[in-house]
Each structure stands twice: as structure tokens, then as C-alpha cells.
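These notes concern the structure reproduced below.
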Amino acid sequence: MIRVEFLGPIQKDPLELDINNLSQLATLLQETPEMAEWLANSAVAVNDTLVSTLNFPLKDGDKVSMLPPVCGG
Amino acid sequence: MIRVEFLGPIQKDPLELDINNLSQLATLLQETPEMAEWLANSAVAVNDTLVSTLNFPLKDGDKVSMLPPVCGG
Amino acid sequence: MLKLYDGGLDVPTILETWYTEESKSNYGAFIPFIGTIRDEDDIEGLSFDIYEPILEKWFKAWQEKAKTRNAVIKMAHSRGDVLLHESSYIACVFSPKRRVALEFINEFVEDFKASAPIWKYDLKNGKRIYALDRSTAIKGSGLLGVK
Amino acid sequence: MLKLYDGGLDVPTILETWYTEESKSNYGAFIPFIGTIRDEDDIEGLSFDIYEPILEKWFKAWQEKAKTRNAVIKMAHSRGDVLLHESSYIACVFSPKRRVALEFINEFVEDFKASAPIWKYDLKNGKRIYALDRSTAIKGSGLLGVK
């Protein structure tokens with residue numbers, strides 16, 4: 001199973017999904033209209049490392065995080 | 001009379017001179033060989049304002065200061 | 001050194017601690033940056049969420065970068081609510097050289113603003129309102145929106 | 001605020017005083033620059049001469065410049081001997097905006113180095129040796145050497 005977490009202001013409970021790559025996650029999340037804006041402006045990390053490609057492979061136990069726009073300080 | 005002060009590391013006592021402009025001061029100081037290096041690398045202020053022209057007029061009571069290279073901090 | 005605090009920061013104490021920690025390290029330049037909550041837009045304060053695992057990795061990468069320039073960085077940030085005129089952020093650089101320190105604090109603070117996984121909320125009428133308009137999408141954002 | 005002190009600066013106290021002075025002024029960014037005496041070249045410390053009338057005019061001109069950007073600057077410097085690992089210089093800027101503060105502290109510290117009428121001496125074997133090789137001729141220097 002893959003755990004998907006939504007950070008900061010994204011008001012959504014974590015998901016436990018049976019997927020093999022980020023592309024499958026994109027397809028799943030795009031079915032939820034209220035996620036559209038967050039999908040467009042958020043970065044993605046796998047096991048706390050930012051990733052930049054959709055065909056990033058996922059294995060059992062991986063954690064995916066969605067990071068919306070930031071503003072520290 | 002014009003008072004001429006030598007600041008910081010220039011080891012020279014102040015002078016009291018009867019001159020009308022900075023050009024005359026330059027001529028006078030250039031007669032002292034040990035002043036050559038300081039004349040080449042120092043800035044000049046009249047009454048605590050930096051000046052940039054030799055024909056700057058001087059009047060009785062003016063103070064001229066020579067400022068060698070600086071390094072605060 | 002990265003340290004997170006609940007609420008506003010005790011700026012004088014943190015600055016004194018950092019200065020004392022490096023007092024014999026032979027650094028010639030020390031530059032802190034202190035961020036303070038401004039009274040504007042009728043807010044009562046700001047509030048912060050932090051995702052610590054990625055913040056720590058981000059900070060560690062900057063520590064390595066500092067090391068290559070013989071510099072040291074330290075940082076403190078608030079979690080949760082911070083009221084008007086309190087400080088929520090201190091970063092600093094120590095370096096043997098003035099130029100390195102001046103350039104490094106600039107680069108570090110700018111990348112902090114663009115990349116550190118911290119989310120800011122305005123506090124208004126006791127509510128927390130995400131400051132989307134002042135926020136920056138992390139480089140590479142939008143990956144999951146691609147169809 | 002320009003203040004000169006005999007010997008090394010009490011950095012934590014000066015920083016706390018400045019921070020407290022502006023704690024309700026609604027500045028979002030505060031950046032101090034602290035210069036500390038490095039142990040190098042077998043010196044026992046540094047020593048400083050200051051020509052105050054021109055330093056004060058120079059600082060006043062920068063205060064005016066700060067005002068045009070809604071910023072405030074403060075500065076402290078040592079007179080006379082400052083020992084190894086003691087600090088001789090603190091400058092700071094307060095500004096509503098981060099970018100203005102980062103740019104201003106850079107410009108201010110660089111012009112300070114190039115223009116402030118302060119002379120530095122190495123302390124070696126109890127002697128004061130003018131640090132000519134690290135010093136900068138003020139803009140327009142050499143006027144009286146022209147033949």
C-alpha cells in the first residue's frame with residue numbers, strides 16, 4: 001500500500017492506495033474536482049524527497065506527500 | 001589662517017597656513033618628500049566636507065583635513 | 001542548527017546564544033535576518049504549519065552548501081500562532097569573510113521563501129486563512145495536474 | 001543612531017536594545033551585520049582611529065537615504081583597541097520589506113568599508129601598525145598630489 005498525505009492547507013485526509021507509480025495517483029486525484037487547484041500548484045515528494053517525473057515508481061510502504069505553495073518567515 | 005590636519009596614520013602635526021586655495025596647499029606639501037605617498041592616496045575635506053577640486057577657495061578660519069585610506073569594521 | 005518553537009521567538013536570547021556559540025570559531029562576519037509580524041490587513045497575527053521532514057532535508061542541503069564556503073548557518077522558526085510585532089523567523093550566517101556572508105544570507109533567505117515547506121495563515125476574527133496570494137509554488141509544482 | 005564605544009562591543013546587549021527600540025515600529029525585517037576580530041597574521045587584536053565629524057555626516061546621509069526607502073539604520077563601532085574574537089562593528093537595517101532590507105544592508109556595509117573615516121591598525125608585539133594593504137582610498141583621493 002502507498003500512503004498519500006496532503007500537507008498544510010489542503011483539507012483532505014490521507015489515502016491508502018494500491019498503485020505503482022505517480023501517474024496512477026494523478027489519474028485518481030484528477031477525478032476529484034475540488035483537488036484541481038491543488039494538483040496544479042502543488043509539489044510532490046516521495047518518502048520526503050521532491051520528485052519531478054510522473055513515471056516515478058512506487059513500492060509498498062512508500063509515502064507520497066503533496067506540498068501546496070509555501071510562505072515561511 | 002587656515003588650519004591643516006592630518007588624520008589617522010599620517011604622523012604629522014597640524015599646520016597653520018596663510019593660503020587662499022587648495023592648489024597652494026598642494027604645492028607646499030609636495031615640497032616634503034615623506035608626504036608624497038599620503039598626497040597620492042588621501043582624500044581632502046574642507047570644514048569636514050570632502051572636496052574634489054584643487055581650486056577650492058579657502059577663507060580665514062577654514063579647516064582642511066587629509067584622510068588617508070580607510071578600513072572600518 | 002535548525003530549531004522550531006511554538007509561538008513567537010525570543011529574538012534577543014536566540015541571537016545571544018548563537019553569537020556565544022561561535023564566539024571562538026574565528027568568524028569575521030555574523031549576519032542574522034529577523035522576520036517580524038507586521039500589523040497590516042487587519043490581521044491579529046499569523047499562524048504557521050511546518051512539514052518537518054522536508055524542512056530538515058532542505059536545511060541540511062544548505063548546511064552542506066555553507067560548509068563549501070567555510071560558512072555556518074543557523075535557523076529558528078515558529079510553529080502555530082504568532083501575534084503582531086512578534087518574530088517568527090531568524091536565520092543567520094557566520095563566515096570568515098564579509099562578502100561571503102552578505103551574499104549567503106541573501107541567497108539563503110530567498111530560497112527559504114521559495115522552497116521551505118512552511119504554510120502561512122492570516123489570523124482574522126479568530127480564524128486561520130491560508131495566505132495563498134503571498135505563497136510561492138515550489139519548483140516543479142503541478143506534476144499531478146498533468147493530463 | 002550612531003554610537004561609538006571604547007574597546008570591544010557588547011553585541012548581545014546592543015542587538016537587544018535595537019530590537020526592543022523598534023519592537024512596535026511595524027518593521028517586518030531586521031538585519032544586523034556584526035564584524036568580529038579574527039585571529040590571523042599573528043595579531044593580538046586591532047585598533048581603530050575615527051574622525052567623528054565626517055563619520056557623523058556620512059552616517060546622516062545614509063539615514064536620509066534609508067528614510068526614502070522607509071527603512072531605518074543603526075550603527076555601533078569601537079574606538080581604540082579591540083582584542084581577538086571581540087566585535088568592533090555592528091550595523092543594522094530595519095525595513096517593512098525583506099528585499100529592501102537585504103539590499104540595503106549590503107550597500108550600506110560596502111560603502112562603510114569604502115568611505116567611513118576610520119583607520120585600522122594591527123596590534124603586534126604591543127605596537128600599532130597601520131593596515132594600509134587592507135585599506136581603501138576614499139573616492140577622489142590624490143587631489144593634493146596632482147602637479
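Sequence lines set the chain letters: A, B, ... in the order given, protein chains first and strands last, and positions in each chain run from 1.
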Chain C contact via Leu22(A) - which portion, at a heavy-atom distance below 4.5 Å: both

Neighbour count above 12 (heavy atom, 6.0 Å) for Lys124(C) NZ: yes

Residues, nucleotides or ligands: over 12 heavy atoms within 6.0 Å of Lys97(C) NZ: no

Proximal component of Ala114(C), with respect to chain A [non-hydrogen, under 4.5 Å]: backbone

Polar side-chain atom of His77(C) near backbone of Gly73(A) as donor-acceptor pair, under 3.5 Å: yes

Contacting moiety of Phe33(C), where chain A heavy atoms sit under 4.5 Å: neither

Check: Val70(A) and Ser115(C) side chains under 4.5 Å, non-hydrogen atoms: no

Shortest non-hydrogen contact between Tyr121(C) and Gly8(A), atoms and distance: OH-C, 3.2 Å

Leading residue by heavy atom contact count with chain A [cutoff under 4.5 Å; candidates Tyr51(C), Phe112(C), Tyr89(C)]: Tyr51(C)

Contact class of Lys113(C) relative to chain A, heavy atoms under 4.5 angstrom: both

Cys71(A) and Trp119(C): CA distance, side-chain angles, deciding distance, side chain to side chain contact (heavy atoms under 4.5 Å, CB included) verdict: CA-CA 5 Å; Cys71(A) 188; Trp119(C) 297 277; over 6 Å; no

Pick from Gly35(C), Ala116(C), Ala131(C) with the largest number of heavy-atom pairs that fall under 4.5 Å of chain A: Ala116(C)

Gap between atom CG of Asp48(A) and atom CD of Glu52(C) - 0.5 Å precision: 11.5 Å

Heavy-atom contacts under 4.5 Å, residues 137-147 of chain C to chain A: Ala137(C), Ile138(C), Ser141(C), Gly142(C), Leu143(C), Leu144(C), Gly145(C), Val146(C), Lys147(C)

Max heavy-atom pair count under 4.5 Å with chain A, selected residue of Ile54(C), Asp49(C), Thr136(C): Thr136(C)

Side-chain heavy-atom pair Glu37(A), Leu132(C) within 4.5 angstrom cut-off: yes

Best-contacting candidate, Thr27(A), Leu54(A), Leu25(A), against chain C by heavy atom pairs under 4.5 angstrom: Leu54(A)

